Protein chains: 2
Amino acid sequence: MNTKFITDDHEQLARFAKALGHPVRVYIMELLSTQTCCFSGDLAEDLPIARSTLSQHLKELKSAGLIQGTIEYPKIRYCINRENWERAKELFGHLLQSTPVTDNQCK
Amino acid sequence: MNTKFITDDHEQLARFAKALGHPVRVYIMELLSTQTCCFSGDLAEDLPIARSTLSQHLKELKSAGLIQGTIEYPKIRYCINRENWERAKELFGHLLQSTPVTDNQCK
DNA sequence: TTCTTATTTCGCAAAAATACGAAACATAAT
DNA sequence: ATTATGTTTCGTATTTTTGCGAAATAAGAA
């Protein structure tokens, strides 16, 4: 409980991870990361959940900064937020690519 | 709601992501990914949370398969579960490294 | 055997996530 | 002005997560 062990990067990474912590949201991000964009209705046809539920998942991804929506009436086009996606890439990459030492080197 | 849009990989990635969806757990995994192992008590000294709370975070990481503990009385040595960590690396890597096309290619 | 140590489990409470259907919204078409 | 369309917000219920302190546990030391 000393100075500050949990950094802003830890917090940010946790926020991104939490947003990815549901299969539906993983599915959406995967789709968006290959296809650049999509409409809520198209997703709704694929996924076995209510549209209102899907909308909430989109809202979460949006509030985590991973996607953004632009209105194209009567639809809404959802795309990846590239800047933050890059940031997520960096943070996850840093965490996952760190190479654990051979073994048994506890402090 | 057709055949199966959400795959086992989506589920697995979501499970890993969810486990990483808390700053304390990110901190722990970062520590373990550089330092190979640690004891619950050492973490407890660093982190501003009750020991029982820390224990629950460790339990969650364990049940997500990201870490494992071996008893060394009176302590417990926690290490990364390398096999699953590799799996997480693959899954996250695949998702994050996919290159979105230039723009505007909705279906 | 009794004490000590490191950690976990238990019991609880508060907050957040998940999900649904109904209703609301904003615009474009009629 | 009314209707149609795609999506979101609202209200609600259920489940899960987060957090704490107190009690339990398990083994080694005294």
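Keep in mind that this is a model prediction, so the values were computed, not measured. All values below were derived from every heavy atom in this structure, side-chain atoms included, with hydrogens, water molecules and symmetry-related copies excluded. Convention: sequence-line order gives letters A, B, ...; per-chain numbering from 1.
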Mind checking whether B:Tyr78 and B:Lys62 have side chains closer than 4.5 Å, heavy atoms only? yes
B:Leu54 vs B:Leu58 side-chain heavy atoms within contact, under 4.5 Å: yes
Under the salt bridge (Lys or Arg N to Asp or Glu O under 4.0 Å) criterion, do B:Lys89 and B:Glu86 qualify, and how do the steps go? CA-CA 5 Å; B:Lys89 206 176 290 193; B:Glu86 283 302 315; 3.2 Å; yes
From the options [options], select the nucleotide whose nearest atom is closest to the side chain of [X].
X: B:Tyr78; options: C:dG21, C:dT8, D:dT8; result: C:dT8
X: A:Ser55; options: D:dT9, D:dT5, C:dA19; result: D:dT9
X: B:Phe39; options: D:dG11, C:dT7, D:dA27; result: C:dT7
X: A:Lys75; options: D:dG6, D:dA26, C:dA17; result: D:dG6
X: B:Arg25; options: D:dT18, D:dT9, C:dT8; result: D:dT18
X: B:Ile76; options: C:dA17, D:dT8, C:dT8; result: C:dT8

Integer-rounded Å distance: [N] [atom2] and [X] [atom1]:
X: B:Leu54; N: C:dA6; atom1: CG; atom2: P; result: 14 Å
X: A:His22; N: D:dT17; atom1: NE2; atom2: C1'; result: 14 Å
X: B:Lys59; N: D:dT25; atom1: NZ; atom2: C1'; result: 14 Å
X: B:Arg77; N: D:dA27; atom1: CZ; atom2: C1'; result: 17 Å
X: A:Ile71; N: C:dT27; atom1: CD1; atom2: P; result: 7 Å
X: B:Gln56; N: D:dT16; atom1: CD; atom2: P; result: 15 Å
X: A:Arg51; N: C:dC20; atom1: CZ; atom2: P; result: 13 Å
X: A:Tyr73; N: C:dA29; atom1: OH; atom2: P; result: 13 Å

Please state whether the rings of B:His57 and B:His22 are parallel, tilted or perpendicular, taking 30° and 60° as the class boundaries. tilted
Closer than 4.0 angstrom, basic N to acidic O: yes or no for B:Asp9 and B:Arg87? yes
[N], OP1 or OP2 - any side-chain N/O from [X] closer than 4.0 Å?
X: B:Lys18; N: D:dT17; result: yes
X: A:Ser52; N: C:dA19; result: no
X: A:His57; N: C:dA17; result: no
X: A:Thr53; N: C:dC20; result: yes

Between A:Leu58 and B:Gly21, which residue's closest nucleotide on DNA chain D lies nearer the 5′ terminus? A:Leu58
With sugar-phosphate meaning primed atoms plus P, OP1 and OP2, does B:Glu60 contact a base, only sugar-phosphate, or nothing at under 4.0 Å between heavy atoms? sugar-phosphate
